[in-house]
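A short worksheet on the structure shown next.
By convention in this document, chain letters (A, B, ...) are assigned in the order of the sequence lines, proteins followed by strands, and residues within each chain are numbered from 1. Bear in mind that the values here come from a model prediction, so they are computed numbers and not experimental data.
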Number of protein chains: 2
Amino acid sequence: MTELEKGPTGRRRGRGARERILSASQQLFREQGINRTGMDQLCAAAQVSKRTAYQHFTGKDELVAEYLRRFDPSVLSGVFDRTDLTPRERLLAAFDIPPTTPLCPYIGAAVELHDPQHPASQYARDYKKAVAARLADTAREAGAADPEQLGEQLALLIDGAAARTRVLNADAFPTAAAIAAVLIDNAIPTSSPRQPSDDRGTTGSAPVPVGGQ
Amino acid sequence: MTELEKGPTGRRRGRGARERILSASQQLFREQGINRTGMDQLCAAAQVSKRTAYQHFTGKDELVAEYLRRFDPSVLSGVFDRTDLTPRERLLAAFDIPPTTPLCPYIGAAVELHDPQHPASQYARDYKKAVAARLADTAREAGAADPEQLGEQLALLIDGAAARTRVLNADAFPTAAAIAAVLIDNAIPTSSPRQPSDDRGTTGSAPVPVGGQ
DNA sequence: CCGTAAGCACACAGAACGGTGTACATAACA
DNA sequence: TGTTATGTACACCGTTCTGTGTGCTTACGG
């Protein structure tokens with residue numbers, strides 16, 4: 001699509017072989033899963049010869065690990081760096097992004113690869129810990145009594161919503177957000193208790209914008 | 001192990017070929033995952049010829065679906081049928097069983113198979129809905145204001161703990177149980193508010209009895 | 001004693017997988 | 001102009017996967 005310099009024989013080296021591979025990974029690994037996406041298909045989608053792919057990555061494992069490392073900026077930073085929100089609002093905003101994220105690739109990778117020692121699994125672990133830490137930081141900023149506990153709890157809610165969305169094929173994040181609101185109100189004493197009228201539709205009857213297929 | 005009638009050539013037809021196949025499935029699918037367990041290995045573990053396996057099941061897909069249907073009695077009924085507990089205690093007891101369950105095969109199957117139309121995925125969906133319904137029933141029995149909401153919330157906590165346990169390789173159910181206690185106390189007005197000293201170790205520093213390797 | 005159902009052993013087909021080897025083409029730079 | 005990265009095209013290797021085909025063996029009921 002993007003016009004790249006290319007030779008008459010179909011050569012496309014707009015200095016983006018690696019980028020195209022990773023870009024195709026993002027799409028295919030999430031649409032089809034990691035195991036069900038072969039290197040042949042991936043290279044075809046990236047418009048890159050298989051030989052080139054294996055000159056950029058020593059193997060599929062390394063490619064998968066590298067693929068996982070490309071989500072931070074959009075998801076993690078995108079929420080926590082919003083200075084226009086109060087810490088408390090930032091904590092709740094973490095439950096509003098996932099419509100963009102159909103599946104949570106970290107959980108998917110950990111389950112599909114099934115080897116805790118796999119580089120991608122290790123990164124998924126590190127990432128989830130980092131998210132919990134960021135949540136804890138924000139919770140501390142918001143004045144929570146036990147920020148670490150609240151951060152871990154909110155992280156669990158996010159993962160629960162992701163997993164449940166996947167299994168039920170229905171958006172579970174509103175439910176998680178409702179729980180989060182309760183936990184935050186309970187954990188931040190100075191915060192105004194607000195009216196407990198935040199009970200939105202929690203029974204999973206959402207119109208499933210989850211993406212898969 | 002169990003003494004079966006067997007002929008001199010190693011024949012074992014104690015009327016349990018199908019049982020042995022499903023039994024081996026339970027072990028291997030959970031230890032190694034579904035995709036990483038080949039039919040050859042599975043048949044070898046079940047001490048069943050491959051030919052026999054394919055006479056009992058039309059294919060691996062059917063076997064996987066049937067394998068998933070063998071968890072209800074132990075997990076679901078085991079908790080909800082305990083009449084020695086109050087409804088409220090039963091809700092909390094749902095967070096104590098998972099040490100037995102290393103991974104939650106339903107989530108695993110949904111992620112691994114990656115096809116919402118797969119029979120096993122459909123059953124996983126049904127099962128998760130059934131669990132939420134059972135939780136809702138118990139919540140209603142316990143006098144919760146909005147039983148459906150509480151049931152869905154507790155179900156999300158269980159799934160979150162399962163997913164997070166998997167990714168972090170550390171038991172996340174204590175955290176989920178702590179959240180559950182808060183939610184239950186908030187949702188059941190008549191229930192004594194109790195001292196809020198239920199904050200056990202929620203930062204995932206548990207010694208990982210999760211099972212996987 | 002004989003028929004039938006159930007099972008076994010084993011080879012094999014066909015496909016997909018990850019990964020490589022080889023020969024050729026182009027772009028950029030000297 | 002020539003060299004060196006970088007990439008392509010495509011065949012290919014070995015492995016693993018689901019699934020079959022075939023022939024033989026056993027248990028059991030009449």
### Query
Listed by chain and number, what are the salt bridge (charged side-chain N to carboxylate O under 4.0 Å, His left out) partners of B:Glu141, not counting sequence neighbours?
B:Arg90
Distance, rounded to the nearest Å, where [X] contributes [atom1] and [N] contributes [atom2]:
X       : N      : atom1 : atom2 : answer
B:Gln55 : D:dT20 : CD    : C1'   : 11 Å
B:Arg18 : C:dC8  : CZ    : P     : 15 Å
A:Arg20 : D:dT6  : CZ    : C1'   : 12 Å

### Residue pairs involving residues 113-128 of chain B (criterion salt bridge (Lys or Arg N to Asp or Glu O under 4.0 Å); sequence neighbours excluded)
B:Lys128-B:Asp159
### Nucleic acid footprint by protein, nucleotides 15-22 of chain C - heavy-atom cut-off 4.0 Å, B for base, S for sugar-phosphate alone
--SSBBBB
OP1 or OP2 of [N] sitting under 4.0 Å from any side-chain N/O of [X]?
X       : N     : answer
B:His56 : C:dG7 : yes
B:Thr52 : C:dC8 : yes
A:Ser49 : D:dA9 : no

### Query
Residues two or more places apart in sequence or in another chain: which of them pass side-chain contact (heavy atoms from CB on, under 4.5 Å) with B:Ser49?
B:Arg51, B:Thr52
### Query
Can you name the side-chain hydrogen bond (donor to acceptor under 3.5 Å, both in side chains) partners of B:Gln32, sequence neighbours left out?
B:Thr37, B:Gln41
### Message
Taking side-chain hydrogen bond (donor to acceptor under 3.5 Å, both in side chains) as the definition, give me every residue that meets it alongside A:Lys50, ordered by chain and number, with sequence neighbours left out.
### Response
A:Asp40
### Task
Kindly assign one of parallel, tilted or perpendicular to the pair A:Tyr67 and A:Phe29, based on the angle between their ring planes and the thresholds 30° and 60°.
perpendicular
